[in-house]
Each structure stands twice: as C-alpha cells, then as structure tokens.
Amino acid sequence: MRVYNFSAGPGMLPLEVLERVRKGLTDYNGTGMSVMEMSHRSKPYEEINDRAHALLRELMDIPSDYDILFVQGGATNQFSAVPLNIGTVNGKADYVITGNFAKNAYKEGANLIDAKVAATSEDENFTYIPELTPDMFRKDADYVHICYNNTIFGTRYTKAPDTAGIPLVADMSSMILSQKVNVRDFALIYAGAQKNIGPAGVTVVIVKHELTERAAQKCPVMLRYDNQVKNKSLYNTPPCFSTYVVMEVLQYLKDNGGIDAIQKINEKKAAKLYDYIDGSDYYKNSVRREFRSLMNVPFVCPTKELDDKFVKQAAEKGLVSLKGHRLVGGMRASIYNAMPQEGVDALISFMDDFRSHNK
Ligand SMILES: *Cc1c(COP(=O)(O)O)cnc(C)c1O
C-alpha cells in the first residue's frame, strides 16, 4: 500500500513516474541495461542528460544567458560553491537569515569570505520574512543570499527583494518548480532535487553565465561552475540514475500542464489546509499569514503530548512523516508537487477526527 508521505525531504514522487522507472529498470529503452549500469559517456545517457537540462529550461523559462548545471553534494555543497565561485570580486557577501538553512549558508560563507548578516527574523523564531530594502546591503557585496522557502519554519518570500543590482542568489530547494518565478530576478538559483525535482543525489544550479567566469583560484574543481558548464554537467561520473528520474519527473510535469497548472493545485492544497487550521480552534500555525509557505505547513495541537499522539495515530492511518523539525516541534506537513489533493484531504479529515476525540 502506498502511504501519503508528508516528509520534508526526500519527498514523494509521482506514482506514474515511479512506474515508468520500474518498467525501464532492467532494460531502458531497448538498451538491454538499466540506467544504473550505463556509461555516462554513452549515447543513451547523453540523451537523458541533455533532455533533463532542456526540460528544466523549458519549464522554468530559463533565458539563454543562464547556464543549467546538475551537480552533486546537495544544496549544502552550494553553501560553499557559491562564495568560492562568485564571492570573488570584493570577497564580500550579504546574507538574509530566515531559518536554519539560511543560517548554515551564511556560516559557510563566513568561513570563506567576508559574509555579513543583512537582516534576520530570528527575533520571532523565523515566523516571518524581514522587509528588505536596497540600503540594507553593502554596495560592494558580490552577492546577496536568500533562502526563498524556509523548509523548517514554513515561511516563503512572496517576491524577490530589490538589491539595486547586486546579484541575488536564492536557495530554492523546497519550492523550485512549485510556482512560477522569474529567473531574471535572480543571478543564481540552486536546489537539492529531493524535495520537488526527483530523488536525492543531484542538485540543480541555474546561474547567469557571466558569473561562472570568476571562480577563486583555490576553488576545488568539482565545485567550479565553469568546469561543469564546459562539460555539460559530465565532468566526472554523475548521479546518472537520479538525473534520469529527474528527467522523468520533468517530463511528467510538462505533460500535466507545467508550472502554471501545478501552481494552481499547490495553492489550492495549501489554502485548504491553512483554512482548516485557522478555523479549527484547536490546531495552530504561528507563521504570519502573508509569509506562509505553500510547501511546508507546520502546526501544533494544544499540548505536546497531543502532538506525539497525533503523529503516531496519523502514521497508523497511512499519513506518515508528519513529525515537525526539532527546532519547531509539533507537526509539519510537507505538501510538495507530488502530494495529491487527496492526500491533503485525508490529512484534514484525520485532523478533524483527532480533534473530536481529543478535546
Ligand atoms: C533540504 C534543504 C537544504 C539541504 O539540502 P541537501 O540537499 O540535503 O544539502 C538546503 N536548503 C533548503 C532550503 C532545504 O530545504
């Protein structure tokens, strides 16, 4: 039996994609072998790699002066790749701290260059996104770094901040492909695949081409954007199978109406869940309304004991991985692209049952 998996990552994948992958698992497209066994220099794999890049460009409407890289090491590796590749003109960068991942990105930046906290929402336990104006950033910063959707705290930016021309870098790990973004508002976007794009093991970097040409001399070769651009993300053995599944997810997304269609579904799913929470007089989400994430919805019961009971009983009903992050407690429902409306409906119906039995 398939469960509704509310995990923050790795998240669910569309069943149709998993079934397609299973069909080709031992013999991909008449090659007589699995993609797992395939040379990354072979023609069939090159086609997979090219197609994955092309589909992402098409779905996100990525302009031709931006490069797309599929790399390894997760979003976390980009915390160091970004300063080493683009924090190299004045060696300075400004960070906005809106949660744990944003803070980790800042810490890694501060290890490597002169990184400064431009703003933070830690004063209210990251339940909002600070108001950002261009004067908050150092004029000679090489970039400004933000985390567009805060997976643990359940907040999101509603628009890209104005940085007055300083290149804007965004960690979009937990919201990429879930809603329309204008790529031109950003100089660099990165995202680990395992939330909205596919399995763990591959990380997407979308970067304005001119920024790939200024890596620090000491930047390790595996982190260098110019090296990955030159080699079409095939400098060394890539995570072939993960990239293949990403390609299937992207194709599935395209076949089902692309980002416009999935955004409508995501907005509907999130609105229904927040409306239920707000109207319940029992469950509570403490994020300021205008910053509520479409993807990660934290909430609590009236007591901690009830939270634990909720998580346990929900799992018995096939609603799994609802335990909140230890920094926030309570529950968190991650409702990424692959979580169907029926999963959210099943969660709400369970919440209602639980509430009536545990008043
Ligand atoms: C999950 C996550 C990360 C960490 O991703 P890894 O691929 O595990 O390194 C970083 N940033 C955000 C916003 C995330 O949601």
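Note that the structure is predicted; figures quoted are calculated from it, not measured. Position 1 is the first residue of the sequence; numbering continues from there. Every number for a ligand or one of its atoms is a count from 1 in the order of the listing.
Note on ring orientation: taking the six-membered ring where Trp is involved, the planes of Tyr276 and Tyr283 are tilted (angle from 30° to 60°). Using the six-membered ring where Trp is involved, Tyr143 and His145 have ring planes that are perpendicular, over 60° apart on the 30 and 60° scheme.
Cation-pi geometry between Lys159 and Phe291 is not satisfied (NZ or CZ under 6.0 Å from the ring centre, within 45° of the ring normal).
The nearest pair of heavy atoms linking Pro63 to Arg57 is O-NH1, 2.9 Å. Closest approach of Ser334 to Ala8, counting heavy atoms only: OG-CA, 3.2 Å.
Asn196 places a side-chain N or O within 3.5 Å of a backbone atom of Asn337 that can act as its donor or acceptor partner.
The immediate protein surroundings of ligand 1, defined as residues with any heavy atom under 4.0 Å of it, consist of Gly74, Ala75, Thr76, Phe79, Phe101, Cys147, Asn149, Thr151, Asp171, Ser173, Ser174, Gln194, Lys195.
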